[in-house]
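Worksheet: one structure, shown below.
If you read the sequence from its start, that first residue is 1, and numbering goes on from there. In what follows, every heavy atom counts, from backbone to side chain, and hydrogens, waters and symmetry copies are set aside.
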Amino acid sequence: MSRSKEMDLTTGNPFWSLLKFAIPVILGNLFQLFYTLADSVIVGKTLGADSLAAVGSTSIIIYFVFCFINGFTGGFGICLGQRCGAKDEKGMRKSIAVSTLLSIAFTVVLTLVCCLLAHQILSWMQIPEDISGEAYDYMFVVLLGTGATVFYNMISNMLRALGDSKTPLYFLVFSSVLNIFLDILFIVPLHMGVAGAAWATILSQFLSAVLSLLVGMKNFRFFIFTEKIFMT
């Protein structure tokens, strides 16, 4: 099944197996929240109170979208995990293919809906006019990069379904640190404002997803996205 040994949750002591598997998952969820926290701290220190208020005012909407993405990609991971537990390699290939196609469809719909309604969402939230411009810039860029968030969550949930909960955590920690450096780079020398903080978040998540995918392709021989996998 794989080129490296994955965690088998069907053997050994159930409690310790689940605990060992769950700790990286929990830490990963916490680190995903770290993106917005880092953006808020750096924006507040470099751009001032108004910019900080703009970022903070949109955090609940962004968090809602992230939770939705994590929810439906987690569902894909459940299907893959069932096929993995049954040692059904053909079923695993099919699950990966279907999950990928559905993730693309969800990404297109979610991105269009969120971006088209961005102004209306700010109006519903009654964001003050003096910060609404920056609030829109930050939220629009983050929502425009929904694909990167879906990509990371899809790959990480697939790896977790196959018994590897550590790889997504390692690269998420790396991308969280990278996000801090990109925040500073985009905001201070490049003067991109709050939009720079949003682009830093998107690029960091995308890189984390790519690295997780490469490790998955290395460790699991069927974890390769080619035409063949979509024809099974």
Rounded to the nearest 0.5 Å, what separation is found between the [atom1] atom of [X] and the [atom2] atom of [Y]?
X: Leu80; Y: Leu159; atom1: CG; atom2: CG; result: 9.0 Å
X: Cys79; Y: Asn157; atom1: SG; atom2: CG; result: 11.5 Å
X: Leu178; Y: Phe171; atom1: CG; atom2: CZ; result: 12.5 Å
X: Ile155; Y: Ser103; atom1: CD1; atom2: OG; result: 8.5 Å
X: Ile202; Y: Leu143; atom1: CD1; atom2: CG; result: 8.5 Å
X: Ile131; Y: Asp137; atom1: CD1; atom2: CG; result: 12.0 Å

Test item: [X] and [Y] side chains (from C-beta on) under 4.5 Å apart, heavy atoms:
X: Val173; Y: Ser176; value: no
X: Met125; Y: Ile60; value: yes
X: Thr58; Y: Leu122; value: yes
X: Ser95; Y: Phe76; value: no
X: Phe140; Y: Cys115; value: yes
X: Leu110; Y: Ile69; value: yes
X: Met158; Y: Thr100; value: yes
X: Leu52; Y: Leu47; value: no

Does any N or O in the side chain of [X] come within less than 3.5 Å of the main-chain N or O of [Y], such that one atom is a donor and the other an acceptor?
X: Ser132; Y: Glu129; value: yes
X: Ser51; Y: Gly48; value: no
X: Asn70; Y: Phe66; value: no
X: Asn179; Y: Thr201; value: yes
X: Ser59; Y: Gly56; value: yes

Is there a side-chain contact (heavy atoms from CB on, under 4.5 Å) between Phe206 and Tyr152 once you walk through the steps? CA-CA 7 Å; Phe206 180 75; Tyr152 168 75; over 6 Å; no
Stepwise, does the side-chain contact (heavy atoms from CB on, under 4.5 Å) test hold for Phe151 with Thr107? CA-CA 9 Å; Phe151 183 27; Thr107 298; over 6 Å; no
Joint cluster assignment, [X] & [Y], ILVMFWY side-chain distance < 4.5 Å:
X: Val98; Y: Ile104; answer: no
X: Val188; Y: Val55; answer: yes
X: Val210; Y: Met154; answer: yes
X: Leu117; Y: Leu144; answer: yes
X: Trp124; Y: Met139; answer: yes

The side chain to side chain contact (heavy atoms under 4.5 Å, CB included) partner of Arg83 among Met92, Lys90, Lys94, Arg93 is Met92
Where is the tightest heavy-atom contact between [X] and [Y], given as atom of each residue plus distance?
X: Leu172; Y: Ser175; result: O-OG, 3.0 Å
X: Ile127; Y: Ser57; result: CD1-CB, 3.6 Å
X: Gly196; Y: Asp183; result: O-OD1, 4.3 Å
X: Ala197; Y: Ile187; result: CB-CD1, 4.0 Å

If you draw a 6.0 Å radius around CD in Gln126, do more than 12 non-hydrogen atoms from other residues or ligands fall strictly inside? no
Can you list the steps and then say if Leu182 with Ser204 is a side-chain contact (heavy atoms from CB on, under 4.5 Å)? CA-CA 8 Å; Leu182 291 180; Ser204 299; 3.7 Å; yes
Applying side-chain contact (heavy atoms from CB on, under 4.5 Å), run through Phe186 and Leu203 and close with a yes or a no. CA-CA 12 Å; Phe186 290 163; Leu203 292 175; 3.8 Å; yes
Applying ring-ring contact (aromatic ring centres under 6.0 Å, His included), which residue pairs with at least one partner in residues 100-123 are found, sequence neighbours left out? Phe72-Phe106, His119-Tyr136
